Every structure is written in structure tokens, then in C-alpha cells.
Amino acid sequence: MGEAGWLGLDWPKELGGQARAADEQLAFIEELEFCEAPSETYMVAETIIGPAIIKFGSDEQKRQFLPAMLRGDDESMFALHYSEPEAGSDLASLRTMARRDGEEWVVSGQKLWTTNGELAKYAILAARTDPEAKPKHAGISTFLVRLDTPGIDIRPIKAMYGRTFCATFYDDVRIPASALLGPENGGWQVITSALAAERVTIGSVAAHLQKILYRLIDHLITADNDRAKDPVIRDRIGGLAADLEIARQFALRNAELVQAERVPIYEAAISKMFIGDLHERFGEAALDLLGSGGLLSEDCPSAPLGEMEQELRYSIMTAIGGGTGEMQRNTIALRGLGLPRMK
Ligand SMILES: Cc1cc2nc3c(=O)[nH]c(=O)nc-3n(C[C@H](O)[C@H](O)[C@H](O)COP(=O)(O)OP(=O)(O)OC[C@H]3O[C@@H](n4cnc5c(N)ncnc54)[C@H](O)[C@@H]3O)c2cc1C
């Protein structure tokens, strides 16, 4: 895809992208899903980190990372080092420290729940650079860190949904001053913007679910005594299809806002919350429709449609990764509806 120029579809042309419209991006993502193109290696770089570097990066960072991302090089594979054992929803309370020492930063602390952390070559790291700052988020900076730097210890752990996430320990890790992304102590706006991009990306899970829904319908028509004629089943499928269309419209709206150079804060939260809830309901509905055989995994030859139980386990990623549904509801209430903060 990189060789054919299909990465960076929405990036500006002067930086090697195609500056495509939002509906074209959505169509492209849907086609990739339908043909099961793997997205692991380039997705985070192309949709989250690349746009952050375009917006906040130095000329040197743009030269170093953007061409490799457009080529889809493994070298440009990124992980997200935000969450910590005591800082998930309340990310501003993170404790990993970065201390300036001459032309270097010295980083110490721990990150947790990092998806693909053992595969990535780099991470975007959120660390505290001013411990006295008030409010807390005003003392955070972001860095682009090479993960084979001495002092970084990455430990993969198997997650319930079958993939790995990592715990990562930084022990007096020395990174160059040039690794700072955006202003010193100004990392919060980088994180907010990158998290909105992540939520927009998670919103595009709708395309994935659409593919699975077609398979489920196909199975109910062809392999399951035409149970698709049963009005109760039709009603359930119809409800899922309607919800998926809503999720698709949210994803499209977000892509349009990004294209208009706006950061969709509460809009991305709506999309993320809706698709997180829907993914869980989708997995449960699929298992109900398939009966007890639906619980069998795809390794089992007699499974009616093996990927369905995996879908329910995978939904934890959509529901919690990138911020929980409760946190999205808080953002919608405060930033979208303008409701007062609870004392
Ligand atoms: C599959 C998966 C992949 C992930 N990948 C990454 C990754 O690559 N990089 C990364 O940095 N992080 C990653 N995460 C971490 C994820 O961002 C956090 O798990 C998430 O933000 C929640 O934080 P927590 O787990 O610390 O839960 P907590 O913050 O402890 O929350 C526990 C519960 O309390 C609720 N809660 C907390 N505060 C409030 C509040 N103010 N109002 C209402 N309810 C509240 C939450 O909604 C939740 O139900 C991943 C998580 C998962 C599950």
C-alpha cells in the first residue's frame, strides 16, 4: 500500500499525502476491512502519530518520521505510552518523570496496557516535566522515544481478547532533547489532539462490524435452515444494521471535522462511546443468534461461525481502549452539552 501511495490518504499533498475527502477515506477504510487487509503496522502511525507530528513536530521530526510512515515501514511502527497503573481515566495524574539534563531528558516510570508495545519501534511517551505545575496537566510533555534505548524494559502480557499488551519500565532512560514533541509542558494539547484522532479511528470499527454482520446474515440464510426468515431474528439483525449505520455516520462526521482542521472533542467522544457499546451488544447478539455453538472459537471445526465469540472478547478494546464509555459521557456532558462539573 505504501509503494502504491495508499497511506496518508488524508495527509496534505505537500507532505506526500493525497488530501482526500472524508467520504473517500471512509470508503477506503471500509474496503480495507472487507478485504481483510492487515492494519497493525501502519494504523497507529498513519492515523494518530503522523497527524500529531504534522501539527506539532519539528522539521527534523517531520523529515525523520513522515516518509517512513507513508512507506508503511516497520521502522515507523508506534505504540502509545500514556496509561500507567494509577493513571488511566485520570491521565493528568501520570507519574512517569522526564528531567532535563543538558542536551538530554532522563525518563523514569512505568507505562501499562500498551497495545503492540512489543512490536513497535517507537512510542509516543507522555511524561511529567514540571511536578509543581497546577493544574496537573500543565506539567506534562510528549516525546517520540526509540524503544530499543538502554533502560527500557518491555514485558508483554496476554490479554483476554487474544492479543498482547505490555507493561513498560523506564529506568533512567536518556533520550535526546530533540525527542520532545510539541512545547515543553505543552504535551496536553498534543495528547488531546492525538486521543481525538484515536477515538475517530476507533469509530471506524463500524466498518469491521459491518463485515461481520454480512457474514452472520449469510450464515443465517445459507447454513442455518434459513433462520433469517424468523421475524424475531430479522428484528434483531435490523436493529444492529440500523445502529451500524448510525456509527458509520458518526465516523463520517468526525472525518469531515478533521478535514476542516477542527479537533472533534465531544464529537469523537460520541462516536467512541456509541461504537464501544455497540461492539459489546453486537458480540452478545451474535452469540444469542447462533445458540450455544456460537461460544466455540474459530479453532474448533464444528463452530458455526468461529470468529463470533472472539468478537465479544475483542469488544473490550473498543469499549475501554482510548478511554471508557463513562469518560466519553463526561466529555459529552462538559464539552458538548456545557453541563456544570460535579463538585
Ligand atoms: C484492550 C486495551 C488496549 C489498550 N491500549 C492502550 C495503549 O495502547 N496505550 C495506552 O496508553 N493505554 C491503553 N489502554 C488503557 C486504557 O486507555 C485505559 O484502560 C482506560 O483509559 C481506563 O483506565 P484504567 O484501566 O486505569 O481504569 P480506571 O481509570 O481505573 O477506571 C475504572 C472504572 O472507573 C470509571 N471511572 C474512572 N474515572 C471516572 C470518572 N471521572 N467518572 C466516571 N467514571 C469514572 C471508568 O469508566 C472505569 O469503569 C488500553 C486498554 C485496553 C482495555
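Counting starts at 1 for both ligands and their atoms, following the listed order. Computed from a predicted model, the values in this text were never measured in an experiment.
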> Is any side-chain heavy atom of Val258 closer than 4.5 Å to a side-chain heavy atom of Pro264?
Replying inline: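 They are in contact (side-chain heavy atoms under 4.5 Å apart), so the answer is yes.
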> From Asp277 CG over to Phe282 CZ, what is the distance, rounded to the nearest 0.5 angstrom?
Replying inline: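 The CZ atom of Phe282 is 15.0 Å from CG of Asp277, to the nearest 0.5 Å.
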> Does the gap between the ring centers of His81 and Phe143 come in under 6.0 Å?
Replying inline: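 Ring centroids of His81 and Phe143 are no less than 6.0 Å from each other.
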> Should we say atom CD of Glu86 is surrounded by more than 12 heavy atoms from elsewhere, each under 6.0 Å from it?
Replying inline: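 Open: at most 12 neighbouring heavy atoms sit under 6.0 Å from CD of Glu86.
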> List by chain and number: which residues place a heavy atom under 4.0 Å from ligand 1?
Replying inline: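 Close residues (ligand 1, cut-off 4.0 Å): Leu80, Tyr82, Ser83, Gly88, Ser89, Trp113, Thr114, Thr115, Tyr161, Met317, Ile320, Gly321, Gly322, Gly323, Thr324, Glu326, Met327, Asn330.
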> Is any NZ, NE, NH1 or NH2 atom of the basic residue among Glu36 and Lys211 found under 4.0 Å from an Asp or Glu carboxylate oxygen of the other?
Replying inline: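 Result for this pair is yes, salt bridge flagged.
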> Between Glu267 and Arg262, is the closest basic N to carboxylate O distance under 4.0 Å?
Replying inline: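 Salt bridge flag = yes for Glu267 with Arg262.
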